[in-house]
Each structure stands twice: as C-alpha cells, then as structure tokens.
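Heads up: the structure comes next, in structure tokens.
Here is the naming used below: chain letters follow the sequence lines, and residue numbers restart at 1 for every chain.
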Amino acid sequence: MATVARVVLDSPLPQLDRLFDYRVPAEIEDDCVPGVRVRVPLRSGARMTDAYVVEIVADDALSPENDFPGELSAVEELVSPVPVLAPEVWQLARAVADRAAGVASDVLRLAVPTRQVRPEKAWLARDRGHVPPRVTAVPVEGYGDAVLEGVIDAGGRAAVSAIPHPVLLAAPTTTAADDADSTGDADSTDTGDADSTGDPDTADSTSPAPTWVPGWAATLAQAAAHTLAGERSAVIAVPDFRDVADLERALLVLVPAERVVRFDAKQTNGQRARALLTARTHPVVAIGSRAAVYAPASELGLIALWDDGDPSFAEQRAPYVHTRDVALVRTAQSGAALLMVSHARSTDVQRLVELGWLREVSPYRARVPKVIPTAHQTNADGYAAQARIPSSAWRAAREASHDGPVLVQVSNPGFGTGLVCTECGERAHCRVCGGPLGSPHAGSTPQCRFCGALAAGYRCPTCGNGRLKPVGQGAQRTADELGRAFPNTRIVVADGSRPIDEVPARPAVVVATRGAEPDVAGGYACVLLLDGERMLAREGLRVQEDVLRIWANAAAKGAPGAPVYLVGIGGKLANAMALWRLDVPAHEELTDRRELFFPPAVRVATLTGTDEAVTGAIEALGDAPVGPVLGPVPVDDPTPGTVRAIVRFPYGHGTEVAATLKAEVIRRSSTRRVVKGGTKRRAAPALRVRMDDAEPFSEV
DNA sequence: AGCACGCCGACT
DNA sequence: GTCGGCGTGCTC
C-alpha cells in the first residue's frame, strides 16, 4: 500500500500557503516521517521546492471528493531523516499565521533554523534512550504557599507581579523535594551551605554557589524547576540578551545544565539546531528571546514571559506576530500553564485580567521599592531648570553612596539631546537636512543627529552668535555633573553602546540610560529616576505604559525597600509608583482605549496597497470593523500611488477578519500590477496586510 | 515566483 | 488565415 506525504512548502507566496500531497517512493518510506525536510517538484516537474512533511497518510485514506483528484507527483528527495518540525510547532505556526492573516512558512522560518548537517548527525548518532538527570523540586518562593505551583499544575494562567528586588538564589538541599515550610518570603531565601553529598539524582556532585538574581528570574527559574520536576518542559521568553543571561544564571542554580536550552538571536545556526533537537528529546526548560516561544519543547507544562510590555517582543519579520500573542495561541493549543511576569502591567495583560482569563498573583508581603515622587519646576522653555535633582534626592543619594552603589536613570545616552544658541536660545539645526544638531562628546564639533553632517563654524541664523550650549541631559553629561558633586566616588556610565551587565556592590554612582541599568548583587542602595518628564513627552499610544515599565524595572534593581526618587513627576503615575500599584494606570489606560476603539481594547489591521485593493478589502470585511475606518490616505511607501487604511475590529471577529483579508491578499497577488512606463517591471504587491501593529497610528 | 493557457493586432 | 502580445491563473 502506497503512502502519501502531506507537506507544507517553504514559500512566502500566500497562494501556496496550504498543504500539498506527494507520493512517497518506497526507498524513503521508512524515513519519511512527519517533521522531516523534503524536496518536492512544484509545477511542471523540473523545479524543486523545499518542504516539511506535516502528515503521512495512506493513499487509500484519500477521498476523491475532498483531496487532490489528479495524479500525485513523487517526493523528489528526503533531505534528512531528522524530524525538525515538531507536530505541535506546525500547529502553532499554522494558527499564528491564520491569526495574523499571514503565511505559515514565514512563521516556520522563525521557528526552525536552517538545516545544519553536523548537529543532525550528532543527534542521530546519539543514544536516544539517554535519560537526563532528574530535577529536584523546589518551592516557588515569595508567593504564599504553593500558589504558583498550583497554577502550573492545573494548567492555569496568571498575571504575576514580580518580586521587586534582587534575590539570593541558593541550590536546593539534596533532601529538597517537599516545600512544606517555605516562609513565602523571598528575602529569607536560605543561603544553604554548598553541600556535596553527591546525590546521584542531581546533575552535579557539587551544588552551585548561591547567586544574586533579579526577583523575576528567581521566580521563573523556580517555576521552571517545578515544571521539570514533573518531567514536563517549560518555555520562557524574555525581551533581550541580558535577561536571557540573568535567567540562565538563575536556572543553573536549580537545574542541571543539560536541561537548559537557549534560543536567541546571537546563536549560530548550529547552536540553534542543536538546541532544537535537544528540546525534542526530553523535557527541558527552553529560554531565550522571541524565538524561544517556538521551541519544540516536549511535554510542555509551562509557558512564561518576563516583561511582556517590552517592545523587543514585537517581531520584526512577517507576519509580525508579537511573542505575547504566540504565547497565548500556544497556551490554548497545548493546555500548558501561562505566567505573564512583570513589574508594570501592559494594557494587553490588563485586558486579559479584566476578562478573567488571567488570574492576578502578587508576592506575599514583598518589600516594595520606597518610591518618593518629587514634582519639580521647569523653566519657561520647558527645559529642566538648574535644580535637576531635588535637594532631598541629592541628600539621599549622597548618603546612600557611602553604603553601596546608587543608580541614576536617564533617558538618553551621550552628552545631550540638542544644542541651542547661548545668546538667543534658538535650537541649532543641520544646514544639510534640517535635523537637530548634537555633540557626541564634550566640546566636539556639532553633528547632525539625523544625517551625520558636521556643522563646523556654526552661526545662529537668528542672531549670528557662534556659540552653542547643550540642552537636555544625556548619560555622559549627567555623569560629569555627578562626578563634580560626588568627588570621591567612582562614576560608572552604562548605555547602549557601552553596556555593563553588572557592577560591584561597592559605593559608586551608576548613570545608565533606560533599559541599560547594570545589575548589582543585593541591589542598589538608592535609585534616582531623572528624565521621566522627557520620556513621557514622546508621541505614541504606549508611551505611558512603557515609561512605567522602565521606571519599575529600574526601581526593582534597588535593594529591598531602598529609596527610589521619581524626579519631576506628580499625579496618577507618581501615585501608582509610590503605592506600587502598577495595575491601576493600566486599567485606566485600557478604559480610555475602549472608548476610543484603540488597541488593545480592539484589534487593528493596517492595509497598504493600491486604492482599489485597499477599498475592496474594506468592502469585503462587511460589518466586522468597529469604529470609523481610518483612511485610506495616500502614502508614498513603498511606491507612489499607494494608500493605507486602518480598520479596527473586536477580538471576537478576529478569525473572520484575518481569513477575509488573507483571501483578499491571495486574490490580489495573482493579478500583479505592471508599473506604467517603458520598461515593465514588477510592482509592489497590490495589497499588504499587517495585523496588530503596536503603533498603528504613527504614520497615518 | 515562474510558466502555461488564452483571447486580440500586424505579418508571410 | 496565423504568430505572438502579455493579462490571468495554477502549482499536489
């Protein structure tokens, strides 16, 4: 009896985004299993396409009325007998693509690394019956008696407020197993002497030394260890590379290295391929940035995200699906538990909480940061007056700097955000492109921040004066100021171009741009959050939640109960920080967005293309949209004559809207336009659809 | 993507 | 009468 392989083609064409059937030649029948890569002929024999086998069916199980009625072509080649596409990852890719009106093979490109021969051979040669060391159960500390364990074991879902300070994480004692007398207080984490009883059930004969890790990392490592102890996998996605490092450090205290696999952008393809195959072999904890959420972890028991509001979770490649959404789809498909851990709450998670879909879990008696808001004066130009740091904060910082490091968070790197004329205060602009001038170093030649042109010999066009001074404060400038104010203290600057992962727990002033704050064992003695006002002045739908997130994450780098000065901020946001009730602004923000039909209260789709295609797509949607359709308006991107429109629709219509838009894309892709003019050349697709853009209104 | 199929203008 | 233009549609 012959068999038929049902395959997904590795092609970005939407009209090919469905399964195709091929005959399986007898020679490869044994190895042609779901998940393997094959090459198949597509259209008139000679040309080959890469594909993954998704399903093997007996050809007498095909029904003539439902399946392809013609003669099947044969699979041309089995590329490798290693099944790299796990069935659940295929299901995930399909659902994620459908949700985004996108193409499944685009999702697969994010989920499956390109073929690597060496790791595959190593995997095939290896004893697949290998049993990895067992993982000792540890309690998830700080959340009351087995609260999070209960969520995980029940396949539940929770929005978890992270423990807002560093935690000293110690390896479980070899007797471990029962969590009976957990105090539920992360501060009391047992330092535990490094025992060397050499329990054969644990990976190493010597336990790792206790390590300071961020509170969230301790919680997620313990949650993962709990999941692994039940022989189930955990998948944990975090925004960036440094978070991966923190989490890995925490995990290696609790679980054998063999059980931890990484997926991140800095890996080579070979490393990713190895991680992928390991994850399929036995239960692991898969950690990493966006790609980790697609890890083919066997027996999935837990999916978790740290800081889901971080913009890094927005995928940059088609179909632009946010890691949070992938996690939600995967949770629904797998029945695994879901933990959304953060300090600040995203409006997206708040929506799920208000729906009752996520349960709220907070630390039990956590010591929250002692946030002290100090509203402050600005001068008439709107620039911070000389007293940038209020005297109370000065005093506290100076005092704290005797005991340990003080963190100073600023919004921008370098020396300042702009230059103004010393005489008339006019902002200096580039003579080439009109962009703002800045100075990368003290006293260096002014340079355009947009086009990079140097502006030597600049004269103010208003008053003719030739001298400029910086306005706004970058990290370097702040560091210089503080250096004068703290004469005998070490000053450290950390920003995007000079990243510092960790500073010693010694007196120092650490000036860091938002998001680049180094860790310190035990936490900072004091935290100053300086440029809040400027950060809030940005345009955008998510500025407020983003700024809260940035503040909260820095505040949580302080030692338990350390003072945190929130400079120049009053009102609701200051209140939320002071009370450490970061859900309140999220609730209010979400309420506003419901009234305005803005995401995430509703979903959005951005339609780009020819006027006819965009208008046609809007008509095809019928009455699914809510709120007025925005546009179509002309945009000359990617080609002149293009228009863009934004439609908004309730979550309940998502499936229908995505399917309709995908059908429109397919319809328009078969009739391609030819640009008028002498030489005919291929034009942009007549219709492009992007769903759930985080900042959909920024360009319309 | 590519390539075949199909219905209207100037050529042996 | 036919050769060939590229719009349209399909790919197991």
Side-chain angles (χ1 to χ4, degrees), chain A residues 1-29 31-79 85 87 90 93-94 97 101-109 114 317-319 608-613 616-617 620 638-639 641 659-689:
Chain A
M1 181 189 69
T3 57
V4 169
R6 200 155 272 173
V7 309
V8 52
L9 303 174
D10 182 12
S11 159
L13 297 175
Q15 56 275 50
L16 299 185
D17 186 24
R18 55 200 166 83
L19 299 181
F20 287 77
D21 290 353
Y22 289 86
R23 205 156 40 73
V24 180
E27 315 86 84
I28 62 169
E29 202 173 326
D31 285 334
C32 194
V33 297
V36 297
R37 287 182 226 263
V38 289
R39 288 181 67 72
V40 294
L42 182 67
R43 183 71 188 162
S44 70
R47 261 190 339 276
M48 296 296 154
T49 306
D50 290 319
Y52 296 98
V53 174
V54 160
E55 198 185 344
I56 295 286
V57 287
D59 75 349
D60 56 10
L62 298 175
S63 63
E65 60 270 26
N66 294 329
D67 292 296
F68 184 67
E71 177 83 359
L72 298 186
S73 296
V75 172
E76 170 75 13
E77 184 195 347
L78 181 77
V79 175
L85 177 60
W90 162 245
R94 181 69 274 163
V103 176
S105 75
D106 281 341
V107 182
L108 291 181
R109 266 192 273 271
T114 55
R317 295 155 69 186
T608 310
T610 62
D611 195 357
E612 189 204 0
T639 52
T660 303
L661 292 177
K662 174 89 174 286
E664 285 293 302
V665 169
I666 292 172
R667 193 160 72 83
R668 299 288 173 177
S669 68
S670 48
T671 52
R672 263 186 312 280
R673 298 177 296 153
V674 169
V675 171
K676 55 200 178 296
T679 51
K680 65 177 181 199
R681 63 152 225 245
R682 197 166 305 293
L687 179 64
R688 284 188 304 168
V689 172

Answer yes when A:Asp10 and A:Arg109 have at least one side-chain N-carboxylate O distance shorter than 4.0 Å, and no when they do not. yes
With the threshold set at 4.0 Å, does a side-chain nitrogen-carboxylate oxygen contact exist between A:Asp17 and A:Lys662? yes
Look at all strands and tell whether A:Leu72 reaches a base, only sugar-phosphate, or nothing, counting heavy atoms closer than 4.0 Å. sugar-phosphate
A:Phe68 near the nucleic acid: base, sugar-phosphate alone, or nothing, with a heavy-atom cut-off under 4.0 Å? base
Take atom [atom1] of [X] and atom [atom2] of [N], then tell me their distance rounded to the nearest Å.
{"X": "A:Glu76", "N": "C:dC12", "atom1": "CD", "atom2": "C1'", "result": "15 Å"}
{"X": "A:Leu62", "N": "C:dC12", "atom1": "CG", "atom2": "C1'", "result": "10 Å"}
{"X": "A:Asp59", "N": "C:dC12", "atom1": "CG", "atom2": "C1'", "result": "14 Å"}
{"X": "A:Asp21", "N": "C:dT11", "atom1": "CG", "atom2": "C1'", "result": "13 Å"}
{"X": "A:Gln15", "N": "C:dC12", "atom1": "CD", "atom2": "P", "result": "14 Å"}
{"X": "A:Leu19", "N": "C:dT11", "atom1": "CG", "atom2": "P", "result": "15 Å"}
{"X": "A:Met48", "N": "C:dT11", "atom1": "CE", "atom2": "P", "result": "17 Å"}
{"X": "A:Ile666", "N": "C:dT11", "atom1": "CD1", "atom2": "C1'", "result": "13 Å"}

For B:dC3 and A:Arg47 - does any side-chain N or O of the residue sit under 4.0 Å from the phosphate oxygens OP1/OP2? yes
If you count the non-hydrogen atoms of other residues, nucleotides and ligands that lie under 6.0 Å from CD in A:Glu612, is the total more than 12? no
Stepwise, does the side-chain contact (heavy atoms from CB on, under 4.5 Å) test hold for A:Tyr52 with A:Arg37? CA-CA 5 Å; A:Tyr52 296 98; A:Arg37 287 182 226 263; 3.1 Å; yes
